[in-house]
Structures are given as C-alpha cells and as structure tokens.
Amino acid sequence: MTADPRARSFDTATAQYASSRPSYPPALLDAVEELSGRRLAGARVADVGAGTGIATALLCARGAEVVAVEPGAAMARRCREALPGVPVVRGDGNALPLAGSSLDLVTYAQSWQWTDPARSVPEALRVLRPGGALAIWWNTTAFDVPWLRAQRERIARATCGTEQPAHRVRPGDADAVRLAGLTGLRVVRRLLRWSRTVSLDVHLANIGSRSAVLVLDEDRRRAFFADERAVLRAGFPDDVVEETYVVDVLVALRP
Ligand SMILES: C[S@@+](CC[C@H](N)C(=O)[O-])C[C@H]1O[C@@H](n2cnc3c(N)ncnc32)[C@H](O)[C@@H]1O
C-alpha cells in the first residue's frame, strides 16, 4: 500500500466504517451491467480496495464470483468476517496479485483515488480479459442540498482544505476521465442520485470515517465533532438526517 497516511487511515476505524458508511443503490449495479455490456451473474470480478466488503457483498448478491483485494490487514480481516464465502487477498491496485486475462470486471468502490493510475490502469488492463471492464465509483455528496453544502464547507475548514470545499468538487465528463487517469480508453460515465435516512449518530460516525477526518489530531477532531453535533441538533431536532448522494461511476472497456 502507499505510504499516504490517508490511504492507511481506514485500517484504524474498521468497525466505525462498517457500521456507518453508506452502501450503494441497486441502480449502480444495473449501470455497471449496462455500461460493461455484461450481466454480473456468473461474472468473474475482482473488487479492489474492498474495505469491509460493502460493494463486494452487493456484487455477490447479483451472482458474481468475486475475489476481494484489500491492502489493509484490519480491513481484510473485517471483510473475511462479514463475507466468509468470499476469497479475500491482501494486495494493492498498483500491483494486483491476480493472473493475467482472468477477469470479466475489476471494480473499485471509493478506492481508485488511492492508487497511482500510471500503475493501476495497466494492472487492471492486464488482469481483464479482452472485452472486460474496469468500473470505478464514488458516493459523492449532493451539494445542491443546502445543509450538506454548508457542512462540507465546515469540514473543508476543519481539515484545512484536505476535504475540498463544495464548489470545487464535481468535474465535467472529460475532466473526470482525465483525473481518473483513464484518457485514451473508451469510458462511459453515469451520475446516480439516491439517499438514505439515518440517525445523527450514524451520520456523524460516517463523517468521522473519512480519511481527511481520521488523520486529524485528537483535539481538533473532538472540537470539530462537538461543534458539528450542535449545529446539526439545531437543524434536525429529532436526530434524524437524510444523506443525499450522487454515485459517480466510470466504466472503461478493455480493448
Ligand atoms: C474508502 S475505503 C472503500 C472501501 C470499500 N470499497 C467500500 O466501498 O466501502 C478505501 C479502501 O481502499 C483501500 N486502499 C488504500 N490504498 C489502496 C491501494 N493502493 N490499492 C487498493 N486499495 C487501497 C483502503 O485500505 C480502504 O479499504
């Protein structure tokens, strides 16, 4: 794994991650099937940066034969516990521990950004069979929702801009492809809006499981959450919030 403390930070908070992070909507799996031109049932899939197995579980539920690849020891352990029938291998997207031309699909759910595309793109293309697909996606926050936009500005301030302010977050299609390091490949993008309703505690734990917050020092983190809880309590007196997301998914086809 990279030496980047943010890429490694998830391993320090696996239980919090598993209990508070959002999953992904069924429309995402439908889009992956449509854009890759292949049903998930029976497909050979590597889910890379699998973490606690949130996306792995959804791929399995669609009938895919999934191997989970995860560099973090604690994350990999948690994934094995959650999905006992799924092979979980320790490994890195920059040097996949997988045979060449062996897979129909390689997926990265919220994890592509921790790889170096100069290495992870050729690696994905190496392990995919001809006509296979690389699918990468993120649950991005819907910044047209005013309270989420205001919260993102507070997070950006608390993390000194490590989490970007809302107005800098959504690139256009060409920039999204370029930023992902996928220039030169046939890539299709979809944006899929969805939401979930959770308690304030789950919402705050979710915010706290983000790498930019995990790497804050203890005093700063405690101060941020005390303020954040007070702001949200005032806006949501019943302690329930609706988190709105836009899944940003890019699917690249192997020639
Ligand atoms: C935000 S979590 C996403 C976990 C899971 N895919 C999900 O949807 O919840 C990012 C994951 O990427 C992993 N990761 C960090 N560096 C990586 C790398 N170079 N290659 C693959 N995965 C990496 C982390 O250990 C972590 O489990």
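Residues: numbered from 1 along the sequence shown.
Other residues sharing the hydrophobic cluster of Val106, ordered by chain and number and joined by side-chain separations under 4.5 Å: Val48, Val67, Val69, Val89, Leu96, Leu98, Leu103, Tyr108, Trp112, Val121, Leu125, Val127, Leu128, Leu134, Ile136, Trp138, Val177, Leu182, Leu185, Val187, Leu250. Here Leu191 sits in one hydrophobic cluster together with Val246; the rule is ILVMFWY side chains under 4.5 Å apart, joined directly or through other members. Clustering of Ile, Leu, Val, Met, Phe, Trp and Tyr side chains at separations under 4.5 Å places Val86 together with Leu83.
When side chains are defined from C-beta on, Trp114 does not count as touching Asp92, because their heavy atoms never get closer than 4.5 Å. Leu200 places none of its side-chain heavy atoms less than 4.5 Å from the side chain of Phe236. You'll find the side chain of Glu228 stays beyond 4.5 Å of the side chain of Ile207, heavy atoms only. Within the 4.5 Å cutoff, side-chain heavy atoms of Asn94 are placed close to those of Ser120. Between Phe143 and Arg170 there is no side-chain heavy-atom pair separated by less than 4.5 Å. Looking at Arg6 and Thr162, their side chains come closer than 4.5 Å, going by heavy atoms from C-beta outward.
Not a single donor-acceptor pair under 3.5 Å links the side chain of Arg39 to the backbone N or O of Glu33. Within the 3.5 Å criterion, the main-chain N or O of Asn139 finds a donor-acceptor partner in the side chain of Gln110. Between the side chain of Asp11 and the backbone N or O of Met75, at least one donor-acceptor pair lies under 3.5 Å. Using modelled atom types, no side-chain atom of Arg90 and backbone atom of Ala76 make a donor-acceptor pair closer than 3.5 Å.
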**Prompt:** Taking it one step at a time, do Ser209 and Gln16 satisfy side-chain hydrogen bond (donor to acceptor under 3.5 Å, both in side chains)?
**Reply:** CA-CA 7 Å; Ser209 76; Gln16 179 176 349; 5.4 Å; no
**Request:** Begin with the C-alpha distance, continue with both residues' side-chain angles, and end with the deciding distance and a verdict on side-chain contact (heavy atoms from CB on, under 4.5 Å) for Arg196 and Val202.
**Result:** CA-CA 11 Å; Arg196 68 170 188 167; Val202 169; 4.1 Å; yes
**Request:** I would like to know whether Val231 and Arg154 meet side-chain contact (heavy atoms from CB on, under 4.5 Å); could you show each step before the answer?
**Result:** CA-CA 10 Å; Val231 170; Arg154 294 191 295 276; 3.7 Å; yes
**Prompt:** Could you walk me through whether Arg38 and Leu105 pass the side-chain contact (heavy atoms from CB on, under 4.5 Å) check?
**Reply:** CA-CA 9 Å; Arg38 201 197 188 292; Leu105 185 65; over 6 Å; no
**Request:** Please step through side-chain contact (heavy atoms from CB on, under 4.5 Å) for the pair Cys160 and Arg220, ending with a clear verdict.
**Result:** CA-CA 11 Å; Cys160 300; Arg220 213 183 165 92; 3.3 Å; yes
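Taken from OG1 in Thr244 to CZ in Arg193, the straight-line distance is 6.0 Å, to the nearest 0.5 Å. Here the straight-line distance linking atom CZ of Arg254 with atom OG of Ser36 works out to 15.0 Å at 0.5 Å rounding. With rounding to the nearest 0.5 angstrom, the OG atom of Ser20 is 8.5 Å from the CD atom of Glu243. Separation of atoms OG (Ser211) and CZ (Arg8) is listed at 13.5 Å; rounding is to 0.5 Å. Summarising the geometry, atom OG1 belonging to Thr140 is positioned 11.0 Å from atom CG belonging to Leu148; distances are rounded to the nearest 0.5 Å. Atom CZ in Arg152 sits 5.5 Å away from atom OG1 in Thr141 (nearest 0.5 Å).
The two atoms that bring Ala50 and Thr56 nearest to each other are CB-OG1, 3.6 Å, heavy atoms only. Of all heavy-atom pairs spanning Glu70 and Gly51, the tightest one is OE1-N, 2.9 Å. Scanning all heavy atoms of the two residues, the minimum distance from Pro25 to Val247 falls at CD-CG2, 3.7 Å. Summarising the geometry of Leu58 relative to Ser23, their closest heavy-atom pair is CD1-OG, 3.4 Å, with the distance given to 0.1 Å. Contact between Pro122 and Pro117 at its shortest, heavy atoms only, is CD-O, 3.5 Å. The two residues Leu192 and Ala27 come nearest to each other via the heavy atoms CD1-O, 3.8 Å.
Applying the ring pair (Phe, Tyr, Trp, His ring centres under 6.0 Å) rule to pairs touching residues 42-88 yields nothing, sequence neighbours excluded. Residue pairs that meet the ring pair (Phe, Tyr, Trp, His ring centres under 6.0 Å) test with at least one member in residues 195-225, sequence neighbours left out, are Trp147-His203.
Residues satisfying the salt bridge (Lys or Arg N to Asp or Glu O under 4.0 Å) criterion with Arg222, sequence neighbours excluded, are Glu218. Shown here are the ring pair (Phe, Tyr, Trp, His ring centres under 6.0 Å) partners of Trp194, two or more places apart in sequence or in another chain: Tyr245. Looking at residues two or more places apart in sequence or on another chain, you find no side chain to side chain donor-acceptor pair (under 3.5 Å) involving Asp116. Leu214 is linked by a side-chain contact (heavy atoms from CB on, under 4.5 Å) to Ser9, Phe10, Thr12, Ala13, counting only residues two or more places apart in sequence or in another chain. In this structure, the side chain to side chain donor-acceptor pair (under 3.5 Å) partners of Arg62, at least two apart in sequence or on a different chain, are Asp30. Remark: Asp104 engages Arg44, Arg129 in a side chain to side chain donor-acceptor pair (under 3.5 Å) (not counting sequence neighbours). Under the rule for a salt bridge (Lys or Arg N to Asp or Glu O under 4.0 Å), Arg186 has no partner lying at least two apart in sequence or in another chain.
When hydrophobic clusters are built by joining Ile, Leu, Val, Met, Phe, Trp and Tyr residues whose side-chain heavy atoms come closer than 4.5 Å, directly or via intermediates, Val145 is grouped together with Ile155. Using a 4.5 Å cut-off between side-chain heavy atoms of Ile, Leu, Val, Met, Phe, Trp and Tyr, with links allowed through other members, Val88 and Ile54 fall into different hydrophobic clusters.
Checked by atom type, the side-chain pair Ser199/Asp239 shows no donor-acceptor distance below 3.5 Å.
Using a 4.0 Å cut-off between charged side-chain N and carboxylate O, Asp144 and Arg149 make no salt bridge.
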